[in-house]
Amino acid sequence: MCGIVGAVAQRNIVSVLIEGLRRLEYRGYDSCGVAVLGARGPSRARSVARVADLEGQVRDGHLEGVTGIAHTRWATHGAPVTDNAHPIFSRDALALVHNGIIENYETLREMLRGKGYEFVSQTDTEVIAHLIHSLYRGDLFAAVREAIAQLHGAYAIAVLHKDQPHTVVGARQGSPLVVGLGDGENFLASDALALAGSTERFIFLEEGDVCELSLDGVRIVDRQGEAAQREVRQVAAYGGAVELGPYRHFMQKEIFEQPRAITDTIPQADAFDASIFGEGAGQVFADIDSLLILACGTSYYSGLTAKYWLESLAKIPTQVEIASEYRYRESVPNPKSLVVVISQSGETADTLAALKHAQELGHKHTLAICNVGTSAMVRQTELSFLTHAGREIGVASTKAFTTQLVALFTLAATLAKLRGRLNDEQEAGYLKQLRHLPAALNSVLALEPQIIAWSEEFSRKEHALFLGRGLHYPIALEGALKLKEISYIHAEAYPAGELKHGPLALVTEAMPVVTVAPNDALLEKLKSNMQEVRARGGELYVFADTDTKIVNGEGLHVIRMPEHYGLLSPILHVVPLQLLAYHTACARGTDVDKPRNLAKSVTVE
Ligand code: AGP
């Protein structure tokens, strides 16, 4: 999604800006641009192709400068065309980049037109540029502060003005922005990752902050305009570009990294101890009577899976909500409920807003399950558990999901123990099963050749149905999401018992029905549902635990999974669904790691 990089230095910073954009590329974007200040004002290059194309333009056009801003755009207002790409100029004096959405842009645009400003883009961003320009009286910092007071919505911005050659001003509200501190040079970015290689000292700006970067320092004020002292954090270099190694795509690499990611995420301790979730977690866990899980997309499905664990193991009532729905619905807050936000990136706008909403409603206990330790979500919650998936590049989340499941199972077991529902033997058993998971995953990954054979068949279909029951219904949902996201095949998931209440009408031989079939208490029920499909001529593609004894037959294709893995079975069963989606997408020739219209980190509402 949109990304910002900015810099003030004494050297040509164009390569730093381009490198920053390259590091943000994996998030998904549809245009990009860079602007630098020269003697006659800002000049820019913009591209609706990749950052590599922008780099070529910059080189050919000899674009150079010591002060600059750059951007990757994921279109919200206006198509991905050059005129809408950032940086956006105002009267060739001011350049601005923006992440987020300005909700009152139409009113502001009318007001600014009345003042003679001409609009050349369809973006909401252009109103910010003209608004700051209209308020500029020789002090960019002051003009930005005055302008943002009139903005409704979410933003992170970086702006420069021709009359202040060594200044970049930034502001944030609802979208992340970090300051990178260098020696005699300073930087700004929407993610510290963009500045890896340039600095390891960062200030994570808080909501409402405005900052001014100059050569020798950074000034920050808070929402009230008071000078703000923000902690400088040392963030170790994020490593260079992640290598693809022997894999065709990052998604494939990340699927195969899951045994390692899970090994790194499983708590080292020999017991399920509250301290795994941070200081004071024991007290918080003793205080709560329920859980409210908030997340989006794949992270939401990990929450749905966790509900089964939390309610069956710990007997604690658990509600799971899509963050973008929760934030706007009138709910009944329970201050004794622990709010759990789940996110790979920790920067998803809807989940952050839902967290804030819950806090405003009086929820005092919050826990983040997140893959990025420096993210806003981790900073804004009382407790946290970091998954150690490592950087996930593919837009389709894989290793982040399975590591979230490990974290959530750990949470369920910890709460079960604290509530006297887990004896020593059971605790030792679950710990042992967790430790054995990477090996079990390796045996599932070895099924890849059989899944490739199925994917040829799937690549010729336009629709698919996924079925699961109980603990594996969320896994069916995740399998369908993976398939539609990267292969563009329309896929739906249902709890198998719901078939007869509607979706059975869709079943024909042209609609493959993928079935998640663990050897659990619902197996016989699931088998009846499979019969319902067969009776209508539907073709079943079943991932069955070996001990289910389900075997190939007419219209019944079976891939045998290892023996049933008990409560942790969803972590194994999702992997073949990831592989099926991946290989189907490859067979259809889609851009697997960067599927159309999607972004890795969804930082707008
Ligand atoms: C998963 O494959 C998706 N690309 C998407 O649903 C993602 O899980 C969602 O946007 C939430 O992201 P987060 O985990 O970073 O909050």
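In this text, all values refer to a predicted model and were calculated from it rather than measured experimentally. Atoms within each ligand, like the ligands themselves, are counted from 1 in listed order.
- Between E19 and R22 a salt bridge is recorded (basic side-chain N to carboxylate O distance below 4.0 Å).
- Counted by atom type alone, N371 and T403 present zero donor-acceptor pairs between their side chains at under 3.5 Å.
- Here K600 pairs with E392 in a salt bridge; the nearest charged N to carboxylate O distance falls below 4.0 Å.
- A donor and an acceptor atom, one from each side chain of T387 and K399, are nowhere located under 3.5 Å apart.
- Under 4.0 Å is where a charged nitrogen must lie from a carboxylate oxygen, and between K307 and E321 no such pair does.
- For E231, there are no salt bridge (charged side-chain N to carboxylate O under 4.0 Å, His left out) partners at least two apart in sequence or on another chain.
- For ligand 1, the 4.0 Å heavy-atom shell takes in C296, G297, T298, S299, S343, Q344, S345, T348, V395, A396, S397, K482, E485, V602, ordered by chain and residue number.
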